[in-house]
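Presented below is the structure to which this report refers.
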Amino acid sequence: MDSLKLSSGLIFIQLVLLAFVFNSANAQLKVGFYKDTCPQAEAIVKGVMDQVLKVAPSLSGPLLRLHFHDCFVRGCDASILLNSSTGQAEKDSPPNLSLRGYQVIDRVKAALEKKCPGVVSCADILAIVARDVTVATLGPSWRVETGRRDGRVSNVSEPLTNLPPFFANISQLLTQFRSKNLSKKDLVVLSGAHTIGTSHCSSFDSRLYDFTGKGDTDPTLDSEYITRLKKICKAGDQITLVEMDPGGARTFDNRYYKLVANRRALFQSDAALLDNNYTKAYVKLQSVASDGSTFFKDFGVSMRKMGRVEVLTGKAGEIRKVCSKVN
């Protein structure tokens, strides 16, 4: 009995210590982290982004997704931005090969280095840019917590086990979000980012041509929509891009939920949101919501929460001078 009490006590102490470490790291993230060291930081980022999106508005979706893909692998440490001469970095992994916008982040970093050298991390740039492109596409704004440091490691194999795949079922999605301390609400809210941007046909063509290996279609995808998509995406097409929200891929709104509710979302992982009572109820709620939808507020809350995942703060990591390589 005494040994059982001792074991239980040790487990409790370990849990307390883990919670302390987790909360201590997050406590060092705060709004206005650069107010003394680089007070114009967010204005500089916005200035560059205004210029970029004026000539390349289609980059809004890819730039938002860079932050997602970064945070889910090794936490929000800008490891997604690191280059490898041997093709062994995160950006070289199959789930990340379609990502774009790296040059934009480099441009933002260069502007910040010119004004405040060695101060603003690449990880924080990704978080601020994600907010700014959401606002630029008429979506919500939120106060971005900053103070992240940049990681020094980027591994080509880690995205394969950490990023939720486009063919994931609801159990896989919930498990992967839970592993990042994100809830089922965060899952269904953050999925709403699919309201902007495009996807390659190859990310969903199995739903059109060979869903179970028998030349069939996905029965959870609207049949009329399948017919329309087949006119755009031929079997095996690796090049063509399709708007995730047809006709509205450059406007951040709640139309994504209407698509999911009507079985017209592109990915299996989107359709999977209808396979859980909570996520299905949220989809249904937002699919009929007016402009007063809670989605915008919810999105800001979940983005801030995701932005705290496994962050490096204090003396951990570094502040890269160039985002694509360690100092």
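Residues satisfying the ring pair (Phe, Tyr, Trp, His ring centres under 6.0 Å) test with Tyr102, not counting sequence neighbours, are none. By the salt bridge (charged side-chain N to carboxylate O under 4.0 Å, His left out) test, Arg207 is found to be paired with Asp218, residues two or more places apart in sequence or in another chain being considered. In this view, Asn169 and Ser171, Gln172 satisfy the side chain to side chain contact (heavy atoms under 4.5 Å, CB included) rule, not counting sequence neighbours. Annotation: side chain to side chain contact (heavy atoms under 4.5 Å, CB included) contacts of Lys214 (sequence neighbours excluded): Thr212, Asp216. Scored by the salt bridge (charged side-chain N to carboxylate O under 4.0 Å, His left out) test, Asp150 finds no partners at all (sequence neighbours excluded). Partners of Arg74 according to the side chain to side chain contact (heavy atoms under 4.5 Å, CB included) rule, which considers only residues two or more places apart in sequence or in another chain, are Asp77, Ser79, Glu90, Val153, Glu158. Annotation: salt bridge (charged side-chain N to carboxylate O under 4.0 Å, His left out) contacts of Arg152 (sequence neighbours excluded): Glu318. Every residue meeting the side chain to side chain contact (heavy atoms under 4.5 Å, CB included) condition with Phe296, not counting sequence neighbours, appears here in chain and number order: Pro140, Phe252.
The cluster map of Ile, Leu, Val, Met, Phe, Trp and Tyr, joined by side-chain heavy atoms under 4.5 Å apart, puts Leu99 and Leu53 in the same cluster. Cluster annotation: Leu182 and Val301 are assigned to distinct hydrophobic clusters (Ile/Leu/Val/Met/Phe/Trp/Tyr, side-chain heavy-atom contacts under 4.5 Å, transitive). Linking Ile, Leu, Val, Met, Phe, Trp and Tyr whenever their side-chain heavy atoms come within less than 4.5 Å leaves Phe166 and Tyr257 in two separate clusters. Transitive grouping of hydrophobic side chains (ILVMFWY, heavy atoms separated by less than 4.5 Å) keeps Val108 and Val322 in distinct clusters. Taking hydrophobic clusters as Ile, Leu, Val, Met, Phe, Trp and Tyr residues chained together by side-chain heavy-atom distances below 4.5 Å, Leu312 does not share a cluster with Phe68.
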Exercise for review: Run the numbers on Arg320 and Leu82 for side-chain contact (heavy atoms from CB on, under 4.5 Å), then give the verdict.
Suggested key: CA-CA 10 Å; Arg320 291 183 214 144; Leu82 289 173; 3.6 Å; yes

* Asked: What do the steps show when you test Glu243 against Arg250 for salt bridge (Lys or Arg N to Asp or Glu O under 4.0 Å), and what is the final call?
  -> CA-CA 9 Å; Glu243 290 185 330; Arg250 294 184 182 179; 5.7 Å; no

Would you sort out whether Lys184 and Phe177 count as a side-chain contact (heavy atoms from CB on, under 4.5 Å), showing the intermediate values?
CA-CA 7 Å; Lys184 62 181 67 176; Phe177 270 68; over 6 Å; no

Inset, instruction - With side-chain contact (heavy atoms from CB on, under 4.5 Å) as the test, would you mind laying out the steps for Phe33 and Arg148 before giving the verdict? - result: CA-CA 9 Å; Phe33 181 85; Arg148 299 167 191 79; over 6 Å; no

**Asked** Val31 and Arg304: side-chain contact (heavy atoms from CB on, under 4.5 Å), yes or no, with the steps?
**Response** CA-CA 11 Å; Val31 174; Arg304 282 174 60 132; 4.1 Å; yes

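Heavy-atom contacts from other residues, nucleotides or ligands closer than 6.0 Å to NZ of Lys180 number more than 12. Around the CG atom of Leu97, the shell of radius 6.0 Å holds more than 12 heavy atoms that belong to other residues, nucleotides or ligands.
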List, one per line, each side-chain donor-acceptor pair under 3.5 Å for residues 127-138, sequence neighbours excluded.
unit_1	atom_1	unit_2	atom_2	d
Arg131	NH1	Trp142	O	2.8
Arg131	NH2	Glu42	OE1	2.7
Thr134	OG1	Ala130	O	2.8
Thr137	OG1	Val133	O	2.9
Thr137	OG1	Thr134	O	3.0

Can you give each donor-acceptor pair under 3.5 Å made by side-chain atoms of residues 259-268, sequence neighbours left out, with the distance rounded to 0.1 Å?
unit_1	atom_1	unit_2	atom_2	d
Asn262	ND2	Lys258	O	3.0
Arg263	NH1	Pro219	O	3.2
Arg264	NE	Asp222	OD2	3.2
Arg264	NH2	Asp222	OD2	3.0

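Heavy-atom minimum distance, Cys38 versus Leu112: SG-CD2, 4.5 Å. Of all the heavy atoms in Met306 and Phe72, the pair that sits closest is SD-CE1, 4.0 Å. In terms of heavy atoms, Pro95 sits closest to His69 at O-CE1, 3.6 Å. Heavy-atom minimum distance, Cys76 versus Val311: CB-CG1, 4.2 Å. Residue Pro159 comes nearest to Val73 through the heavy atom pair CA-CG2, 3.8 Å, listed as atom of the first residue, atom of the second, then distance. Shortest non-hydrogen contact noted between Ala111 and Val48 is CB-CG2, 3.9 Å.
Under the 4.5 Å side-chain criterion, counting only non-hydrogen atoms from C-beta, Leu126 is in contact with Ile80. At least one side-chain heavy atom of Arg65 sits under 4.5 Å from a side-chain heavy atom of His194. Asp92 is listed as a side-chain neighbour of Ser84, based on a closest heavy-atom distance under 4.5 Å. Under the 4.5 Å side-chain criterion, counting only non-hydrogen atoms from C-beta, Leu64 is in contact with Met303. At least one side-chain heavy atom of Leu173 sits under 4.5 Å from a side-chain heavy atom of Ser269. At a threshold of 4.5 Å between non-hydrogen side-chain atoms, the residues Ser121 and Arg149 do not count as touching.
Listed for the Asn327 side chain is a donor-acceptor partner under 3.5 Å among the backbone atoms of Ile319. A distance-only check finds a donor-acceptor pair linking the side chain of Lys91 to the backbone of Leu81 [under 3.5 Å]. With hydrogens and angles ignored, the 3.5 Å screen pairs no side-chain donor or acceptor of Ser302 with any backbone N or O of Leu190. For the pair Ser93 (side chain) and Asn96 (backbone), a donor-acceptor distance under 3.5 Å is absent. Between the side chain of Thr279 and the main chain of Leu273, a donor-acceptor pair closer than 3.5 Å is present.
Residues Gln286 and Thr294 have side chains that bring a donor and an acceptor to within less than 3.5 angstrom of each other. With hydrogens and angles left out, the side-chain atoms of Asp186 and Ser183 include a donor and acceptor closer than 3.5 Å.
Among pairs with a residue in residues 44-57, those fulfilling salt bridge (charged side-chain N to carboxylate O under 4.0 Å, His left out) read Lys46-Asp50, at least two apart in sequence or across chains. Within the structure, salt bridge (charged side-chain N to carboxylate O under 4.0 Å, His left out) contacts touching residues 94-113 (residues at least two apart or in different chains) are Lys109-Glu113.
Taking the six-membered ring for Trp, Tyr282 and Phe295 have ring centres at least 6.0 Å apart. Remark: aromatic rings of Phe211 and Phe204 are distant, center separation not under 6.0 Å.
Atom-to-atom distance recorded for Leu285:CG and Asn254:CG is 9.5 Å, nearest 0.5 angstrom.
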